[in-house]
Protein chains: 2
Amino acid sequence: MARIAIVGLGIIGASFGLALKRAKLDKTEIVGHDVSYDAVVAARKARAVDTVDPSLARVVQGAGLVVLATPILTMREILGEIAGHLEPDCVVTDTGSTKRQVVSWAAELLPETVAFVGGHPMTGKDTAGVDGPDARLFDGRMYCLTPTETTPGDAVEAVTSLVHLLGAKTYYLGPDEHDALVAPASHLPLVISMALMTLVGRSSGWKDVSRLVAGGFRHVVINAGNNPRMSRDLAVTNAENVSSWIDLLVEELRGYQRTIATDEEETLRLFQDAFDAHREYLAGTLCSDAPPSAAPMPSLGQSFQQLFVGQGLLRRRGQRGAGDKEI
Amino acid sequence: MARIAIVGLGIIGASFGLALKRAKLDKTEIVGHDVSYDAVVAARKARAVDTVDPSLARVVQGAGLVVLATPILTMREILGEIAGHLEPDCVVTDTGSTKRQVVSWAAELLPETVAFVGGHPMTGKDTAGVDGPDARLFDGRMYCLTPTETTPGDAVEAVTSLVHLLGAKTYYLGPDEHDALVAPASHLPLVISMALMTLVGRSSGWKDVSRLVAGGFRHVVINAGNNPRMSRDLAVTNAENVSSWIDLLVEELRGYQRTIATDEEETLRLFQDAFDAHREYLAGTLCSDAPPSAAPMPSLGQSFQQLFVGQGLLRRRGQRGAGDKEI
């Protein structure tokens, strides 16, 4: 019996379990752990895992694959706690929204017999308490994997198989590169939402302002509704990139401020440029080349099956007659 | 035959016409003007006006009510051009998103025999090219009116009747007060959207970043899609307030930057506060008292009918047996 352990049974962890169950892997047990009783009850009710165990050490014992799906800062503690209980050749992966520190903690804390492959599913469902777990959460989504030079190739292949099993598309990049890119794509918008919401919502004039607030405000503050702890964790583990982009944003805002106050023609040019950039963004013309699915992908081996799920996945692939691209 | 002139036949102006037509006013002609041939054709096709006239002077001649629905900076020119052609006791109103400068231009340029009442319908449909005119555009919306100490009371009453005829709710405030409130409610979110879109969308790394961009980014940049000229006009006519709020936003962002880099606990407190403010905002608990509909409203007189539409509106009110609150 192969064993997959999921540590953290929030939306991502529980959806991970459901997506694995949807794959109907043979002779595979999916075990879960969460410190929250509510999360455990919800995951069991959703049948996201076969069993749960309040002992972190017991959950990972015998597992060929361990998935960490907790807030990022918690992963450091968990990596330390599970390090002595992992099987040799176990593959550990995570679902955190920043990768540099997690990958660094894994290198520091895990034994050399264990492989770590950082992962970041781009599910867009990090809003607290809005949705329940969903077996289709990863379908068609981009799933970043951040192997390093020292990551064993068969572990990368195995996690690649796993990502495809979930229905997602792999996108390989280095941990530093990943964090540099998600800062403007995700963390800067988060900070902006929070800053506007707090600044205006906590201002003395809010009661009067709120009567005139419409969609333009509502959209910009939307990320302030993200889970505060998860948000905090990704911000502090990507603080340098976030800080650099705040510098650039402040510079940009200062430019608007000066121009709006002094030059009507130039202001129109700025507004037109933003409008054009937005239109190009929506039309996808700014990112037309090298789409994510064309990112380099290792050839699939049998490592995933051997390591995690016996012959279950292999048999499924044979049944479907699928190639290496989609499982 | 009463005459209502609409200058500017974009979405707001054409919807104004359609909403007036929906009211089926007796013996009332709605005439329109726009410098754009396309806008004229579209307004005629939508039957938003009874006739159009390429001469601004002729359009306003004989009109009891003139509605300016052009970009804000254009209003100054138009006020100057129509000033000599308006009937004595004509009421002029506008639909611009800032009020201080428009009200000031009207006081400067219009003859004393003409009354001006600044207006701002909060329709939320200032996105360029997305929607066509809509007779229900103003239904249930807030409609700011900004009379001053020198505005004749019967003109305020008349425009109040007009707003209710459109299906909107009046909200009275001074021009300066209006502009101070819409800056954080609307103009700051606009500048934020533009700054993020331009900064990231025009950055050298955009192609790579765009692969990882998801909903959190898309929502924050949404206002960059607003009509650039209209956006420019409201920004430059509210430059002082916009500038003050940019200062405050920069200060707020600097605070996040420092805290994220140095203090995990305090960062969590900031994120939790933004989350709480957002939840309170969505729940409406931050603006529970003094809802817009409770704003002071002058009692309705017969001024609207006498000035603009003969007995049409009065008859409608009588038919419905409506009180002063809703028509």
Side-chain angles (χ1 to χ4, degrees), chain A residues 122 124 181-182 184-186 189-192 194-195 197-202 206-217 219-225 228 231-232 235-236 239 242-243 246 248-250 252-253 256-257 260-261 264 267-268 271-275 277-278 281 286-287 292, chain B residues 122 124 181-182 184-186 189-192 194-195 197-202 206-217 219-225 228 231-232 235-236 239 242-243 246 248-250 252-253 256-257 260-261 264 267-268 271-275 277-278 281 286-287 292:
Chain A
M122 312 295 286
L181 295 179
V182 290
S186 170
L190 168 67
V191 170
I192 288 172
M194 289 178 18
M197 188 67 247
T198 305
L199 176 64
V200 180
R202 297 298 193 214
W206 169 248
K207 280 179 192 165
D208 293 318
V209 171
S210 67
R211 292 176 203 153
L212 302 178
V213 153
F217 182 89
H219 280 104
V220 175
V221 299
I222 200 162
N223 302 308
S231 301
R232 184 274 302 263
V236 300
V242 170
S243 181
I246 290 177
L248 293 170
L249 179 68
V250 166
E252 189 81 15
L253 288 167
Y256 283 97
Q257 193 177 33
I260 288 169
E264 288 179 5
T267 301
L268 182 57
F271 279 61
Q272 185 66 50
D273 190 42
F275 179 82
H278 186 252
Y281 155 57
L286 286 176
C287 52
Chain B
M122 311 296 286
L181 294 180
V182 290
S186 169
L190 169 67
V191 170
I192 287 173
M194 290 179 20
M197 188 68 248
T198 306
L199 176 63
V200 180
R202 296 299 193 214
W206 169 249
K207 279 180 191 165
D208 293 317
V209 171
S210 67
R211 293 176 202 151
L212 302 178
V213 153
F217 182 90
H219 280 104
V220 175
V221 299
I222 200 160
N223 302 309
S231 301
R232 184 274 304 263
V236 301
V242 169
S243 181
I246 289 177
L248 293 171
L249 180 67
V250 166
E252 188 81 15
L253 288 167
Y256 283 97
Q257 193 176 33
I260 288 169
E264 288 179 4
T267 302
L268 181 57
F271 280 60
Q272 184 68 49
D273 190 42
F275 179 83
H278 186 252
Y281 156 56
L286 285 176
C287 51

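Hydrogens, waters and symmetry mates are skipped; everything else that's a heavy atom, side chains included, is used. In what follows, chains are A, B, ... by sequence order, proteins preceding strands, each numbered from 1.
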*Asks:* Considering only heavy atoms from C-beta outward, does the side chain of A/Tyr281 approach that of B/Val200 to under 4.5 Å?
*Replies:* no
*Asks:* Roughly how far, to the nearest 0.5 Å, is CG of A/Asn223 from CZ of B/Phe217?
*Replies:* 11.0 Å
*Asks:* Using non-hydrogen atoms and a 4.5 Å limit, figure out which bit of B/Leu249 sits close to chain A: side chain, backbone, both or neither.
*Replies:* both
*Asks:* Considering only heavy atoms and a distance below 4.5 Å, find which of A/Ala239, A/Ala224, A/Pro184 pairs most often with chain B.
*Replies:*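 Winner by heavy-atom pair count: A/Ala224.
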*Asks:* How many angstroms lie between atom CE of B/Met194 and atom OH of A/Tyr256, to the nearest 0.5 angstrom?
*Replies:* 4.0 Å
*Asks:* Which distance, rounded to the nearest 0.5 Å, do you find between the CZ of A/Arg211 and the CE of B/Met122?
*Replies:* 12.0 Å
*Asks:* Based on non-hydrogen pairs under 4.5 Å, which of B/Leu212, B/Val213, B/Thr198 is most in contact with chain A?
*Replies:*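 Of B/Leu212, B/Val213, B/Thr198, B/Leu212 has the most heavy-atom pairs under 4.5 Å with chain A.
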*Asks:* With chain A, which of B/Leu190, B/Leu248, B/Ile246 has the greatest number of heavy-atom pairs at distances under 4.5 Å?
*Replies:*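 Top count of heavy-atom pairs under 4.5 Å with chain A: B/Ile246.
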*Asks:* I need the minimum non-hydrogen distance between A/Phe275 and B/Gly225, along with the two atoms involved.
*Replies:* CE1-O, 3.1 Å
*Asks:* Which value, rounded to the nearest 0.5 Å, describes the distance between A/Arg232 atom CZ and B/Ile260 atom CD1?
*Replies:* 11.0 Å
*Asks:* About how many Å separate NE2 of A/His219 and CD1 of B/Ile192, when rounded to the nearest 0.5 Å?
*Replies:* 14.5 Å
*Asks:* Determine the minimum heavy-atom distance between B/Pro228 and A/Phe271, stating which atoms define it.
*Replies:* O-CB, 3.7 Å
*Asks:* Identify the heavy atoms of A/Pro189 and B/Gly216 that sit nearest to each other, and give their distance.
*Replies:*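 What the structure gives for the nearest pair is CB-O, 3.5 Å.
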*Asks:* With a 4.5 angstrom heavy-atom cut-off, could you sort out which part of B/Asp273 is near chain A: side chain, backbone, both or neither?
*Replies:*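 Both backbone and side chain of B/Asp273 come within 4.5 Å of chain A.
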